[in-house]
Number of protein chains: 2
Amino acid sequence: MSHSTKQRQAVLACLSGRRGELLSAAELTQILRQAGSPVGLATIYRHLTRLEEAGFVHRVNTPEGAFYRYCEEESSGGRECFLLRCESCGQILHLDCSHLRALYEHLERDHHFIVNPRETVFSGLCEACARRGKEALHEQP
Amino acid sequence: MSHSTKQRQAVLACLSGRRGELLSAAELTQILRQAGSPVGLATIYRHLTRLEEAGFVHRVNTPEGAFYRYCEEESSGGRECFLLRCESCGQILHLDCSHLRALYEHLERDHHFIVNPRETVFSGLCEACARRGKEALHEQP
DNA sequence: TATGAAAATGAAAATCATTTTCATATTATA
DNA sequence: TATAATATGAAAATGATTTTCATTTTCATA
């Protein structure tokens with residue numbers, strides 16, 4: 001049995017009020033503290049884990065640690081979203097692309113691998129960083 | 001200037017002798033110790049970092065930590081390899097697939113995102129684990 | 001509305017991969 | 001060989017996450 005507590009509600013409410021945003025456990029702690037309802041870090045982690053297991057939030061793992069975001073209900077029309085992470089600036093982009101969906105179907109049908117898009121992060125360079133990198137090649141040292 | 005030391009050679013030799021295998025720093029330490037040429041963990045990490053920067057090894061990040069493998073020289077005909085990681089059994093599969101290459105070209109051309117295949121790991125379920133999962137659904141509790 | 005068992009909390013300690021420090025050892029070159 | 005640059009490894013530091021445990025809160029039931 002799970003009890004409803006204000007900490008539990010605060011964590012979910014914070015993520016729910018910031019849809020699309022990816023937050024770390026530390027950022028959540030900070031936000032909740034500033035909002036006047038401080039929640040211990042351990043409790044934050046516990047709720048994030050439970051909320052993820054219950055399908056209310058998604059977790060995205062990066063080399064810099066885990067980030068969490070509110071889970072739009074895909075069952076009710078929400079589009080699956082793919083994640084692109086820029087290795088240079090750390091930004092995480094969301095992409096809805098039919099080619100990607102098709103590729104995942106191909107991997108499943110022809111390579112017997114069922115991709116979990118929520119855990120899969122394409123690592124690379126975003127447009128701005130790629131351009132910056134190119135320019136750097138032409139600069140004087 | 002970098003000095004050639006037996007530790008440096010041992011690390012590269014170990015990875016080079018196990019092409020295709022993904023090893024953690026701890027596993028490398030273990031293997032080298034058993035082979036009679038122990039190398040300190042800090043030194044292993046230092047060499048792995050330098051070898052990766054120099055292009056001799058690839059690093060793959062997973063929620064369980066980083067893994068390293070010898071870098072086949074792609075410039076001389078080696079095929080780019082894509083990484084699929086089973087969330088259930090932890091196995092990492094290598095895949096050479098033209099659809100994937102095509103998708104990366106699409107992402108670069110149409111979404112201006114340059115994917116780094118070495119850092120990108122598709123997370124999901126391998127064939128065996130997917131089958132096991134399906135069977136489990138039909139089992140009696 | 002009281003009671004008590006189950007569940008939740010948070011501070012502090014524990015983990016665990018990785019990095020840094022620093023005193024010592026090794027390498028390459030003059 | 002001397003010596004300056006570089007490498008080593010043990011131990012300490014880091015930082016994200018998890019666990020422990022004494023205390024507090026929730027909620028079904030009396």
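Keep in mind that what you see is a predicted model, and the values were worked out from it rather than measured. Labels below follow one simple rule: chain letters A, B, ... track the order of the sequence lines, proteins then strands, and each chain is numbered from 1.
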key: Nearest listed nucleotide, side chain of B/Ala25, among C/dA11, D/dT8, C/dT18   = C/dT18
Just how far, in rounded Å, is [atom2] of [N] from [atom1] of [X]?
X: B/Arg50; N: D/dT8; atom1: CZ; atom2: P; result: 8 Å
X: A/Glu64; N: D/dA16; atom1: CD; atom2: C1'; result: 12 Å
X: B/Leu32; N: D/dT8; atom1: CG; atom2: C1'; result: 14 Å
X: B/Phe67; N: C/dT18; atom1: CZ; atom2: C1'; result: 14 Å
X: A/Leu28; N: C/dG10; atom1: CG; atom2: P; result: 14 Å
X: B/Leu48; N: C/dT20; atom1: CG; atom2: P; result: 15 Å
X: A/His3; N: C/dG4; atom1: NE2; atom2: P; result: 17 Å
X: B/Ile44; N: C/dT19; atom1: CD1; atom2: P; result: 13 Å

message = Does the plane of the ring in A/Tyr104 sit parallel, tilted or perpendicular to the ring in A/Phe82? Use 30° and 60° as the thresholds.
response = perpendicular
message = Parallel, tilted or perpendicular, judged at 30° and 60°: which one describes the rings of A/Phe122 and B/Phe122?
response = perpendicular
key: Comparing A/Val39 and B/Tyr68 on DNA chain C - which has the more 5′ nearest nucleotide   = A/Val39
note = Assign each of B/Lys6 and B/Thr49 the nucleotide of DNA chain C bearing its closest heavy atom; nearer the 5' end lies the nucleotide of B/Thr49
inquiry  = Are A/Ile44 and A/Tyr70 linked, directly or through intermediate hydrophobic residues, by side-chain heavy-atom contacts shorter than 4.5 Å (ILVMFWY only)?
reply    = yes
Is any side-chain N or O of [X] closer than 4.0 Å to OP1 or OP2 of [N]?
X: B/Thr5; N: C/dT26; answer: no
X: B/Gln7; N: D/dG9; answer: yes
X: B/Tyr45; N: C/dT18; answer: yes
X: B/Arg8; N: C/dT27; answer: no
X: A/His47; N: C/dT9; answer: yes
X: B/Arg46; N: D/dG9; answer: no

note = Rounding to 0.5 Å, atoms CG (A/Leu125) and CG (A/Leu84) come to a distance of 11.5 Å
message = Nearest 0.5 angstrom please: A/Arg8 CZ to A/Arg46 CZ, how far?
response = 12.5 Å
task = Report the base-pairing partner of D/dT26 (Watson-Crick or G-U wobble, both distances below 3.5 angstrom), or none.
result = C/dA5
ask   = What does A/Ala66 touch in the nucleic acid at a heavy-atom separation under 4.0 angstrom: a base, only the sugar-phosphate, or nothing?
value = sugar-phosphate
query = Under 4.0 angstrom, heavy atoms only, what part of the nucleic acid is A/Ser24 near: base, sugar-phosphate, or nothing?
reply = nothing
